[in-house]
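Reviewing the structure listed below.
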Amino acid sequence: VTVEMKSSKVAIVRMNRPPVNALSKDLMHGLRRTICDLEDNDVKGIVLTSSSKVFCAGLDLAELLNPTQEFVSSFWKELQGLWITLYSSRLVTVAAVNGAAPAAGCMLALSCDYRMMSSKNVIGMNETKFGLFPPPWFVELMADTVGRRKAEMLLLQGTLLSTEDALACGMIDQIVE
Ligand SMILES: CCCCC/C=C/C(=O)SCCNC(=O)CCNC(=O)[C@H](O)C(C)(C)COP(=O)(O)OP(=O)(O)OC[C@H]1O[C@@H](n2cnc3c(N)ncnc32)[C@H](O)[C@@H]1OP(=O)(O)O
């Protein structure tokens with residue numbers, strides 16, 4: 001994770017785990033630590049973005065291949081900790097979605113106060129496409145953002161929306177080139 005101060009009050013927080021910013025336990029820990037550190041200083045807002053062409057590919061599936069029970073437990077704790085930290089942060093949080101944001105990548109964006117996204121990208125919770133269902137707090141985030149019925153349809157079908165469709169249903173707030 002890298003931090004660039006745009007002014008004394010606004011920080012650009014970049015996920016920097018090539019190639020796709022898959023959320024490993026370490027990346028989640030680093031993000032949470034970074035947000036907490038910025039909160040402890042006199043910062044007012046952050047822009048969460050990526051240093052590569054993918055915003056975030058979701059959970060690191062490689063780390064979840066044949067894990068031990070202990071690892072799954074600590075991984076999940078880290079994921080929930082990151083969500084709670086970002087969602088409940090005192091900072092103004094903006095997601096600058098500058099690449100694909102599937103699954104937990106979408107969760108990160110929806111946990112922010114405002115979302116801007118570049119065109120020709122995709123965002124959404126596609127877990128059902130590979131036989132999983134997102135945890136209840138992912139579901140609530142989606143329902144809070146786009147409305148319950150729309151969320152049900154998107155989640156059941158595992159839809160990844162284009163930037164334009166995401167704007168149309170309120171999943172993002174602005175298209176930025
Ligand atoms: C138990 C219940 C859990 C429920 C909650 C689950 C939440 C999740 O987040 S699960 C993860 C869901 N993520 C996805 O479905 C995204 C999968 N990835 C993609 O669709 C694409 O990679 C992309 C659109 C994000 C980027 O496409 P592109 O730029 O074309 O890059 P590549 O597909 O060639 O990938 C490069 C490289 O990265 C590896 N990779 C991609 N995604 C992941 C991932 N989530 N975890 C780990 N590794 C990932 C991919 O395998 C390639 O690796 P190499 O082949 O070694 O280069």
Side-chain angles (χ1 to χ4, degrees), residues 1-2 13-32 34-35 48-88 93 95-112 115-146 148 150-167 171-172 175-177:
V1 178
T2 63
V13 175
R14 288 192 178 86
M15 291 175 277
N16 185 21
R17 185 168 185 257
V20 294
N21 289 324
L23 288 173
S24 62
K25 193 177 147 191
D26 282 353
L27 177 56
M28 294 189 284
H29 183 77
L31 267 174
R32 190 163 61 82
T34 300
I35 297 164
L48 177 63
T49 191
S50 156
S51 59
S52 63
K53 70 183 176 69
V54 174
F55 177 72
C56 170
L59 300 185
D60 187 339
L61 296 172
E63 267 194 356
L64 292 173
L65 200 63
N66 300 321
T68 62
Q69 184 67 45
E70 289 73 23
F71 185 82
V72 172
S73 169
S74 62
F75 185 96
W76 207 253
K77 219 175 264 178
E78 207 59 72
L79 173 63
Q80 288 189 323
L82 172 58
W83 166 61
I84 289 168
T85 300
L86 184 58
Y87 187 70
S88 64
T93 54
V97 183
N98 57 341
C106 177
M107 178 280 291
L108 284 183
L110 297 192
S111 301
C112 292
R115 284 163 286 288
M116 47 180 85
M117 186 168 164
S118 51
S119 57
K120 300 194 181 70
N121 277 311
V122 289
I123 185 168
M125 293 184 181
N126 59 333
E127 285 86 344
T128 50
K129 279 276 174 8
F130 42 87
L132 297 172
F133 200 76
W137 39 286
F138 278 39
V139 174
E140 289 309 311
L141 264 182
M142 184 64 91
D144 286 347
T145 309
V146 301
R148 189 150 299 270
K150 181 74 180 173
E152 279 174 359
M153 295 309 288
L154 292 174
L155 292 167
L156 284 171
Q157 295 173 5
T159 310
L160 291 176
L161 293 178
S162 67
T163 304
E164 291 70 21
D165 289 345
L167 180 67
M171 197 184 298
I172 63 162
I175 298 179
V176 174
E177 294 313 327

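These values consider heavy atoms only, across backbone and side chains, with no hydrogens, waters or symmetry-generated copies. Counting convention: from 1, in listed order, for ligands and their atoms alike.
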Quiz item: Which is closest to atom 3 (C) of ligand 1 by heavy-atom distance: Phe138, Trp76, Phe130, Phe55?
Solution: Trp76

Exercise. Examine distances only and state if a side-chain atom of Ser162 and a backbone atom of Val122 form a donor-acceptor pair shorter than 3.5 Å.
Key: no

Exercise. Search all heavy atoms of Val97 against all heavy atoms of Ala101 and return the closest pair with its distance.
Key: CG1-CB, 3.8 Å

Exercise. May I ask you to list the atoms of ligand 1 that are less than 4.0 angstrom from any heavy atom of Pro19?
Key: 36 (C), 37 (C), 38 (O)

Exercise. Could you list the atoms of ligand 1 found under 4.0 angstrom from a heavy atom of Val54?
Key: 25 (C), 26 (C), 29 (O)

Self-check item: Under-4.0 Å protein heavy-atom contact, atom 41 (C) of ligand 1
Solution: yes

Identify every side-chain donor-acceptor pair in residues 127-138 under 3.5 Å, counting partners at least two apart or on other chains, and give the distances.
unit_1: Thr128; atom_1: OG1; unit_2: Leu155; atom_2: O; d: 3.0
unit_1: Thr128; atom_1: OG1; unit_2: Leu156; atom_2: O; d: 3.3
unit_1: Thr128; atom_1: OG1; unit_2: Gly158; atom_2: N; d: 3.1
unit_1: Lys129; atom_1: NZ; unit_2: Gln157; atom_2: O; d: 2.9

Quiz prompt | Distance from atom 7 (C) of ligand 1 to nearest protein heavy atom, with residue and atom | solution = Glu127 OE2, 3.3 Å

Quiz item: Are any of the side-chain heavy atoms of Val13 and Leu31 separated by less than 4.5 Å?
Solution: yes

Practice problem: Tell me which protein heavy atom sits closest to atom 45 (N) of ligand 1, plus the residue, atom name and distance to 0.1 Å. | Solution: Leu59 O, 2.9 Å

Practice problem: Compare every heavy atom of Arg115 with every heavy atom of Ala109, then report the nearest pair and how far apart it is. | Solution: O-NH1, 2.9 Å

Exercise. Measure across Gly99 and Ser118 and return the closest heavy-atom pair with its distance rounded to 0.1 Å.
Key: N-OG, 4.1 Å

Quiz item: Any idea which protein heavy atom is nearest atom 47 (C) of ligand 1, and the distance to it?
Solution: Asp60 OD1, 3.3 Å

Self-check item: Is_contact(atom 50 (C) of ligand 1), protein non-hydrogen, under 4.0 Å
Solution: no

Quiz item: Within a strict 4.5 Å, meaning less than it, do heavy atoms of the Met171 and Cys106 side chains meet?
Solution: yes

Exercise. Scan the protein's non-hydrogen atoms and note whether one is under 4.0 Å from atom 57 (O) of ligand 1.
Key: no

Quiz prompt | Lys53 near ligand 1 by a heavy-atom separation under 4.0 Å | solution = yes

Quiz item: Can you tell me which residue and heavy atom of the protein come closest to atom 8 (C) of ligand 1, and the distance to 0.1 Å?
Solution: Ala103 CB, 3.3 Å

Quiz item: If every non-hydrogen atom of Ala151 is compared with every non-hydrogen atom of Val146, which pair is closest and at what distance?
Solution: N-CG2, 3.7 Å

Quiz item: With distance as the sole test, does Arg17 use its side chain to make a donor-acceptor pair with the main-chain N or O of Leu23 at under 3.5 Å?
Solution: no

Practice problem: Quick one: do Lys120 and Glu164 satisfy salt bridge (Lys or Arg N to Asp or Glu O under 4.0 Å)? Show the steps, please. | Solution: CA-CA 8 Å; Lys120 300 194 181 70; Glu164 291 70 21; over 6 Å; no

Practice problem: Return a yes/no value: protein heavy atom under 4.0 Å from atom 34 (O) of ligand 1? | Solution: no

Quiz item: Is there a protein heavy atom less than 4.0 Å away from atom 10 (S) of ligand 1?
Solution: yes

Exercise. Kindly give the heavy-atom pair with the smallest separation between Thr49 and Phe55, and that separation in Å.
Key: CA-CE1, 3.8 Å

Self-check item: For atom 17 (C) of ligand 1, the protein heavy atom that lies nearest, with its residue and separation
Solution: Ala57 O, 4.4 Å

Practice problem: Compare every heavy atom of Gly30 with every heavy atom of Val1, then report the nearest pair and how far apart it is. | Solution: CG2-C, 3.9 Å

Self-check item: atom 39 (C) of ligand 1 - nearest protein heavy atom and its distance
Solution: Val20 CG2, 4.2 Å

Quiz item: How far is atom 15 (O) of ligand 1 from its nearest protein heavy atom, and which residue and atom is that?
Solution: Asn126 ND2, 3.1 Å

Exercise. For Gly58, counting its heavy atoms only, list the atoms of ligand 1 lying under 4.0 Å from any of them.
Key: 9 (O)

Quiz item: What atoms of ligand 1 come within less than 4.0 Å of a heavy atom belonging to Ala22?
Solution: 44 (C), 46 (N), 47 (C)

Quiz item: Is there a protein heavy atom at a distance of less than 4.0 Å from atom 54 (P) of ligand 1?
Solution: no

Quiz item: Can you find an N or O of Leu132 that's nearer than 3.5 Å to an N or O of ligand 1?
Solution: no

Quiz item: Protein heavy atoms: any of them under 4.0 Å from atom 23 (C) of ligand 1?
Solution: no

Self-check item: Nearest protein heavy atom with distance in Å, relative to atom 46 (N) of ligand 1
Solution: Leu61 N, 3.0 Å

Quiz prompt | The single option from Asp144, Ile172, Thr145 passing side-chain contact (heavy atoms from CB on, under 4.5 Å) against Leu110 | solution = Thr145

Quiz item: How about Met142 and Arg148: do any of their side-chain heavy atoms sit closer than 4.5 Å?
Solution: no

Quiz prompt | Ligand-side contact atoms (ligand 1) for residue partner Pro102, heavy atom cut-off under 4.0 Å | solution = 16 (C)

Quiz item: Under the 4.0 Å line, does any protein heavy atom show up next to atom 13 (N) of ligand 1?
Solution: yes

